[in-house]
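For reference, the structure discussed in these notes is given below.
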Amino acid sequence: MIATTQQNMTTELDLGSSDGPPRNWKGIGIALVVIMAVMSLVILSVVLLTPDERHLLLRSHLTMEDLESPEFKVHDPCVSWLSESEVALCTREGHVLSFSLSSNLTTTLLDNSSLDLTVTKFQVSADKRFILLAYNIQPVFSQSFTASFAIYNVANGDQLELNPPEREKAALQYASWGPQGNQLAYVFNGDIYYMQSVTSKALRLTSTDQEPRVVNGLSDWTYEEEVLLTYVAHWWSMDGARLAYLTINNSATPVMEIPHFLGGIYPTNMVFSYPKAGSNIPSVTLFVVNLYGPAHTLEMLPPDSFRARDSYISMVTWISSTRLAVRWLNRVQNQSVLCVCEATTGACSEKHKMAMDIMQNRRQVRL
């Protein structure tokens, strides 16, 4: 009897403990509403803030033509010094500006909205009165090109096409301002032309007799890619009174043909002089022409050890208005001679000579 009573009491206690505290259904409902509200706000934010890119699906796939378009090209401001405290630069829109570093002021030299030219290169004259514009540029090698050139008058916006006396609308190989005023030099068909000012008549300084394998004032493939590492092979004196230039003759140099696949059925061949081991390298001569008064040209004579041998000219720089520093290299480039040349006489005096064992020369350009 007592055991039965205790068992019933135990059963009642167990049943009573299974009920537990009453649940707060109101609080649970409020929490669920808050969670749903927060999730709705997150989803709404994602929908509203995500940009609509459906129009991108309508565009075609990326092509090689797209990569050549202006949209994929990095803007080159073409910054150049006008003086010790002033630079010229080109904006992305094609405006040419001058910026003063001392006063922090910007001046517009050319407003591209007034032009109908696709300009990719520009140069400002020393007196800042004119701008040389290059357009219709056609690349040749890594740096060289041909182009049409126009001269822009900063004062009134007039334009003048730059052409040699022999031909109109000609593609020039190069053009550049001199260091004084608005004197100008350009190269056409391998010859150098000089203008004392924009309004003066062009004077032809060299004559190649239409020999296509001789060029004055510019590099050929060998000098552009291996020796000077630049397309320009002429140098103005500091006062603009003289112009030093190289004459490079490839008449005896073998030619190379490289096919160019430009999208047509058949490739086009690029033909250029290319010396290999044992073949003739281009012959090079350094001249200086006097530009003030009657044009007078002098050859800068190489040192005696290089006169009867194949050689390169690897450096030319003016050290005064009448003297140049010139470096000659022999063909295997294990001998280097630095000379100072007098532009008034053509005599070159040896200042420094360096030689090394050919087996130790690890950086030969071309044997």
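Because only heavy atoms are used, hydrogens play no part in the values below, and waters and symmetry mates are left out as well, while side chains stay in.
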Mind running disulfide bond (SG atoms under 2.5 Å apart) on C78 and C90 for me, showing each step along the way?
-> CA-CA 6 Å; C78 300; C90 182; over 6 Å; no
Cluster question for you: counting only ILVMFWY and a side-chain heavy-atom cut-off of under 4.5 Å, with indirect links fine, are Y223 and V232 together?
-> yes
Of the non-hydrogen atoms in Y186 and L162, which two are nearest, and what is the gap between them?
-> CE2-CD1, 3.9 Å
Check for a donor-acceptor pair, side chain of E161 on one end and backbone N or O of A170 on the other, with a separation under 3.5 Å.
-> no
Side chains of D310 and N330: closer than 4.5 Å at any heavy-atom pair?
-> no
What about L338 and L228, same hydrophobic cluster or not, with Ile/Leu/Val/Met/Phe/Trp/Tyr joined at side-chain heavy-atom distances under 4.5 Å?
-> no
For the residue pair V337 and R327, establish whether any side-chain heavy-atom pair is separated by less than 4.5 Å.
-> no
Verify the distance criterion only: is there a donor paired with an acceptor across the side chains of Y193 and E166 at less than 3.5 Å?
-> yes
Could you grab the distance from atom OG of S320 to atom CD of E342, nearest 0.5 Å is fine?
-> 7.0 Å
Verify whether the ring centers belonging to Y245 and W235 lie closer than 6.0 Å.
-> no
Can you find a pair of side-chain heavy atoms, one from L246 and one from N216, that are under 4.5 Å apart?
-> no
Within-4.5 Å side-chain heavy-atom neighbours: I131 and L109 | yes
Where do Y312 and R331 come nearest, in terms of heavy atoms and distance?
-> CE1-O, 3.8 Å
Would one find more than 12 heavy atoms of other residues, nucleotides or ligands at under 6.0 Å from atom CZ of R167?
-> no
Grab the two heavy atoms, one from Q180 and one from M238, that are nearest each other, plus how far apart they are.
-> NE2-O, 3.4 Å
Between atom CE of M256 and atom CG of N269, what is the distance when rounded to the nearest 0.5 Å?
-> 12.0 Å
Going by heavy atoms in the side chains, are M354 and Q335 under 4.5 Å from each other?
-> no
How about Q123 and S80: does a side-chain donor come under 3.5 Å of a side-chain acceptor?
-> no
Following the transitive rule for hydrophobic clusters with a side-chain heavy-atom cut-off under 4.5 Å over Ile, Leu, Val, Met, Phe, Trp and Tyr, establish whether F99 and V79 coincide in one cluster.
-> yes
Establish, from distance only, whether the side-chain atoms of Q173 and T146 form a donor-acceptor pair under 3.5 Å.
-> no
Does the side chain of I192 reach to within under 4.5 Å of the side chain of L243, using non-hydrogen atoms?
-> yes
Tell me, please, whether F145 has K121 positioned over its six-membered ring: NZ or CZ under 6.0 Å from the ring centre and within 45 degrees of its axis?
-> yes
Name the one of S273, S251, P275 that satisfies side chain to side chain contact (heavy atoms under 4.5 Å, CB included) with P282?
-> P275
Please state whether the rings of F141 and F272 are parallel, tilted or perpendicular, taking 30° and 60° as the class boundaries.
-> perpendicular
Are the side chains of S142 and Y231 in touch, meaning some heavy atoms are under 4.5 Å apart?
-> no
Mark yes when over 12 heavy atoms from residues, nucleotides or ligands other than E84 sit less than 6.0 Å from its CD; otherwise mark no.
-> no
Going by distance alone, is a donor N or O of one side chain under 3.5 Å from an acceptor N or O of the other, for Q183 and Y194?
-> yes
Under 3.5 Å, is there a donor-acceptor pair linking the side chains of N189 and D191?
-> no
Test item: side-chain donor near acceptor, H95 and N112, under 3.5 Å | no
Measure the shortest side-chain to side-chain distance between T222 and T253 over non-hydrogen atoms and say whether it is less than 4.5 angstrom.
-> no
